[in-house]
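What follows is a short report on a single structure.
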Amino acid sequence: MKILPSDSVVGEVNLSGDKSISHRAAIFSALSVGETIIDNFSTSEDCTSTLECLSEMGVRVERNGNQVLVNGVGKAGLKKPSKPLDCGNSGTTMRLLAGVLAGQAFESELFGDESLSKRPMERIAKPLREMGAQIETRDGIPPIKITGKNPLRAINYSLPVASAQLKSAILLAGLNADGVTIVFDPPSKAAVSSSRNHTELMFSYLGAAITEKVTETNGEFLYEVTIDANSELTAKNIRVPSDISSSAFFVVAASILPGSDVKLKSVGLNPTRAAFIDELNKCGAKIGIENVRTQNNEKIADIHIYYSEELIARTEPVIFSGEVIANILDEIPVLAILGTQMNGGMEVRDAGELRVKESDRISAVVENLKRMNAVVEEFEDGFRVGRSHLTGASVDSFGDHRIAMAFAIAALAANGETEIIDADCVNVSFPDFFDVIGRLTTRDPE
Ligand code: S3P
């Protein structure tokens, strides 16, 4: 894919449904009692992988454009799949389904593509084994073989990493346990869940007995969530908000290209996901939040972004580190592009988790920025970028959708043409990304 620089981005976009929420809508409605209509379901390949795995286990799924009808089978009603379940590129599919399958009394196997086959799975295998399921991995990575058990043993579990996938896998297994399962976040300086809380919000929307609590000791907060196995999920229609992580590409493009003005409608603004917007506004960005409302327990709003000279002119480096990292993790590749356009640059630390995403995102960002002549330094847990004049180059997506899209935004701000190798991987989360970019970009007639 070749991309030319652009003067500005202008227009209005209805982004496809949030990927994290769509996965949960599909899985939770499959486990519920009754029929669910899901609207604005994500068009991503990742969420299609989830639907296909559910179909393999006897769930009737009908898809009509962005609307999906799911016929729930109840929390322990899945059927043994006749073959291993293909999770494609999707870590969320694999980790959440592992939690579900641990509590189904049959044998199953989950596998994924080359990238997913390298990602750590021991973090979910350990608690699920403690709950009584038999879990085998290939030295900690996929495929995962599961011999489920019903009921599982309810446990108290302290998360070693602030991971929503891990937390959700345990809560899903907890639905099929013999009592109350409690999951604790790592202790934190903030009195909220350290990772995204879509599972908690949707469980509660569907009537599960889930409680959240935060306790304070010496200025440190401990977030805990409990799920009572007496819970049933009751089918209820779900409308998925537009994807805030996809919105980040336009937030950055509009913030750095003079004259830009972009409006994104009905975007999910869950506080555990929206931190990058607050952080950028603190640095002088012009991101307006309009028409705030709640939809199926999730906060949503329209986002209006203008170019901001103040953001670009900021001389102090922006530093992202510590607890905010878990809330901005998926947006960091494109935030790095913003950093290259800011006078004071940007530094990201405590983000070692980026190395075990769809690619090693620290090394992918640093490598591609170097190819575009950026000032950049790599650390084990992050990177530092300085104000740079980006030049068009051949960059590699490393098969990672967020790297491909981040560097498409870099290309808009660069001098000359940029080629993104293996750009088709955007389909994993945002199949019409390049069409939308084409529609929003403007170029001075030469
Ligand atoms: C996700 C959680 C995050 C995120 C991923 C989606 C989810 O991963 O990076 O894109 O839907 O729960 P971790 O739980 O591994 O941090």
Side-chain angles (χ1 to χ4, degrees), residues 17-28 41-42 44-47 49-50 87-100 112 115-116 118-127 140-142 157 159-172 183 185-186 188 193-203 223 225 240-241 243-249 268 270 272-276 298 320 323-335 348 350-362 364 381 400-403 405-406 425-426 428-430:
D18 186 87
K19 197 154 73 77
S20 283
I21 298 178
S22 296
H23 282 299
R24 287 161 174 80
I27 297 172
F28 301 180
F41 190 80
S42 167
S44 66
E45 281 178 355
D46 272 7
C47 291
S49 296
T50 292
C87 303
N89 188 253
S90 175
T92 310
T93 306
M94 184 169 280
R95 294 193 176 122
L96 266 56
L97 284 183
V100 173
S115 144
L116 183 53
K118 293 185 197 142
R119 299 184 60 188
M121 293 299 151
E122 211 37 53
R123 56 177 66 179
I124 50 159
K126 187 170 177 281
I141 55 175
Y157 199 76
L159 302 178
V161 270
S163 159
Q165 293 176 352
L166 174 54
K167 174 177 66 177
S168 302
I170 303 169
L171 292 174
L172 280 160
V183 183
D185 264 1
S188 129
S193 168
S194 314
S195 59
R196 58 192 71 189
N197 67 347
H198 304 304
T199 295
E200 292 90 317
L201 295 182
M202 200 179 288
F203 264 11
Y223 167 89
V225 49
V240 181
D243 195 310
I244 186 167
S245 296
S246 298
S247 85
F249 301 103
N270 180 313
T272 61
R273 298 280 298 284
F276 74 96
E298 290 281 355
F320 291 125
E323 280 150 9
V324 75
I325 293 295
N327 297 142
I328 64 169
L329 206 60
D330 291 347
E331 291 73 46
I332 288 175
V334 75
L335 291 175
V348 171
D350 304 320
E353 272 289 302
L354 284 177
R355 293 204 184 267
V356 290
K357 291 290 175 187
E358 286 84 328
S359 69
D360 175 342
R361 287 186 174 157
I362 294 178
D381 66 344
D400 183 333
H401 56 125
R402 296 205 196 280
I403 298 298
M405 294 188 279
C425 61
V426 299
V428 156
S429 66
F430 194 168

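Just so you know, these numbers come straight off a predicted model, no measurement behind them. Counting starts at 1 for both ligands and their atoms, following the listed order.
With Lys357 contributing its side chain and Ile362 its backbone, the two residues share no donor-acceptor pair below 3.5 Å.
In this structure, a donor-acceptor pair under 3.5 Å is absent between the side chains of Arg123 and Ser163. For the residue pair Ser20/His198, the side-chain donor-acceptor check at 3.5 Å is not satisfied. Ser195 and Lys167 are linked by a side-chain donor-acceptor pair at a separation below 3.5 angstrom, with hydrogens and angles left out of the test. Neither side chain, Ser42 nor Ser22, offers a donor N or O lying under 3.5 Å from an acceptor on the other.
Here Ala25 pairs with Ile38, Met202, Ile238 under the side-chain contact (heavy atoms from CB on, under 4.5 Å) rule; sequence neighbours left out.
At a heavy-atom cutoff of 4.0 Å, ligand 1 is surrounded by Ser20, Arg24, Thr92, Arg95, Ser163, Ala164, Gln165, Arg196, Asp330, Lys357.
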